[in-house]
Amino acid sequence: VSNGLKEQLEAAFARTTVTDGRANEYLVSCEKESVLSVLAWLKDSGYDHLALVSCVDRPALGQLELVFVLSAYMQEDGGLSGREKLNVILKTALPRDNPECQTATHVFEIAEPYERELHELFGINFRGHKRLTPLFLEREYEIPPFRKDFDTRAYVKDLFDNIPAIEESKE
Amino acid sequence: MDRNQLGKWLKQPAKMANKYSLNAVYFCTGCGIIEIPPVITARWDAERFGVVPVATPRQGNLFMITGYVSLKTLRAIIRTYEQMPDPKYTVGFGSCPINGGMYWDSYNTIKHLDRYIPVDGWIAGCMPRPEAVFVAVTHLWTLIEKGMANSSDRYRKQYGQYRANQEKLFGKLDWPPLYDGGNGKPEKGSR
């Protein structure tokens, strides 16, 4: 279906660039406003498996880079049923001080736990997500712990090293 | 039964029975649990030593913490430990429960397990081999025989300290409810 995915995608969406990544993947970068429509477009053109939603913290650029890894199911004979490459990696930059993005759960339902995870570990706020509740963490952190400016050493010194050993009474 | 041990059996039957019926709670923490299937199945066959895995903490008396303990797991560990009947023995398995191991600066992993629940012994290593489990078990036998495997007594005696350490991490724990001195009302804030 998506012969010439690069041309089609760049024609359909403004400020969207497609480059070749490693052998079997495309790198797509787009504006954060058009993430949902690009995702829906890619889903319709055969990349209907959302493998991963992840995030990269770039403090030097003041950005949080949201990464979607999409994949097409391989045919039994190893062919890609007409698609050029196996994976599409969609990247978009969010401002670091107020990271907000539309949720992708309406396009890919499987994005729900990934977005909850990113919400608690990177502090990204997904608008329209139904259940942005804590997923892994038991405590509350001032800075989300996966950001680069979270000082794990200082945190450990502050919290865990201040917990005293048990003193046994001698009887 | 070994005939040579008949004297011991007659002298202290309860201790000997405890020794040879260690029922290990199936509680999987971290990566160390991958060593447990070979330990309890045909290759190393832990049942030779009387170690049998059991399904619920209410039937178990040996609690092995097999790897790093995140805060969420610690909450479950406390809950499991409190449910086990006496006598109960705790063994930390691997270097992570001892001092954090490779998670020494992790934001979400506790560093010293013995500050939250009492521990009878440690198996060092990353990972310990299955043989190390049996070394630990035979060592635990010696401790039980000499009355030195007394972690649950220590827990009862120092409960204030353990509970304070637990609550430093979790805020107010709502379970187990604190004993109120016997006037029948559960303490405020507990279930």
Side-chain angles (χ1 to χ4, degrees), chain A residues 52-59 64-65 96-97 99 112-126 129 131-171, chain B residues 30 68-79 81 90 92 96-120 122 147-148 150-175:
Chain A
L52 180 69
V53 185
S54 184
C55 185
V56 186
D57 190 8
R58 301 193 188 281
L64 282 170
E65 198 177 59
R96 203 161 175 281
D97 46 351
E112 199 228 1
Y114 293 120
E115 289 182 351
R116 280 174 75 187
E117 184 188 2
L118 294 182
H119 173 70
E120 91 176 338
L121 296 178
F122 285 96
I124 300 174
N125 188 20
F126 289 94
H129 193 291
R131 196 165 62 135
L132 276 184
T133 49
L135 182 61
F136 298 124
L137 302 183
E138 282 282 320
R139 294 175 61 82
E140 290 185 355
Y141 296 82
E142 270 178 38
I143 303 170
F146 270 27
R147 293 222 188 166
K148 290 267 168 68
D149 53 356
F150 180 85
D151 189 349
T152 50
R153 193 72 205 118
Y155 186 80
V156 168
K157 268 185 188 158
D158 189 42
L159 177 67
F160 294 108
D161 292 359
N162 278 336
I163 287 177
I166 306 293
E167 288 168 26
E168 303 293 343
S169 57
K170 297 274 181 290
E171 283 170 33
Chain B
Y68 70 86
V69 180
S70 68
L71 292 187
K72 205 161 209 163
T73 321
L74 181 64
R75 200 186 269 271
I77 284 176
I78 293 167
R79 222 182 158 103
Y81 184 76
T90 321
C96 295
I98 300 177
N99 61 2
M102 62 189 277
Y103 299 95
W104 59 280
D105 69 343
S106 160
Y107 60 96
N108 201 27
T109 310
I110 62 155
K111 314 300 170 218
H112 302 274
L113 180 68
D114 55 349
R115 296 183 182 180
Y116 309 97
I117 63 165
V119 177
D120 281 309
W122 305 101
M148 287 160 73
N150 56 353
S151 63
S152 53
D153 295 344
R154 281 188 275 130
Y155 193 54
R156 214 171 292 124
K157 267 185 206 153
Q158 314 295 344
Y159 187 65
Q161 289 182 49
Y162 284 108
R163 178 83 174 208
N165 281 357
Q166 291 163 6
E167 292 197 337
K168 265 180 196 159
L169 295 185
F170 296 122
K172 187 145 177 60
L173 278 175
D174 55 354
W175 195 94

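So you know, we letter chains A, B, ... as the sequences are listed, proteins then strands, and number each from 1.
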Under 4.5 Å from any heavy atom of chain A, what part of [X] do you find: side chain, backbone, both or neither?
X: B:Gln158; result: side chain
X: B:Ser106; result: backbone
X: B:Leu74; result: neither

Counting only heavy atoms not in B:Tyr68, do more than 12 fall under 6.0 Å of its OH? no

Which residues pass the salt bridge (charged side-chain N to carboxylate O under 4.0 Å, His left out) test with A:Asp149, not counting sequence neighbours? A:Arg96

Who passes side chain to side chain donor-acceptor pair (under 3.5 Å) against A:Asn125, sequence neighbours left out? A:Glu100

Indicate the ring-plane relationship of A:Phe146 and B:Tyr107, choosing parallel, tilted or perpendicular according to the 30° and 60° boundaries. perpendicular

Heavy-atom contact with chain B under 4.5 Å, split by part of A:Leu159: side chain

Which bit of A:Phe136 comes within less than 4.5 Å of chain B, counting heavy atoms only: side chain, backbone, both or neither? backbone

Only one of B:Tyr81, B:Tyr155, B:Tyr116 forms a ring pair (Phe, Tyr, Trp, His ring centres under 6.0 Å) with B:Tyr162, so which one is it? B:Tyr155

Report the option among B:Ile110, B:Asp114, B:Asn165 that has the most heavy-atom pairs separated by less than 4.5 Å from atoms of chain A. B:Asn165

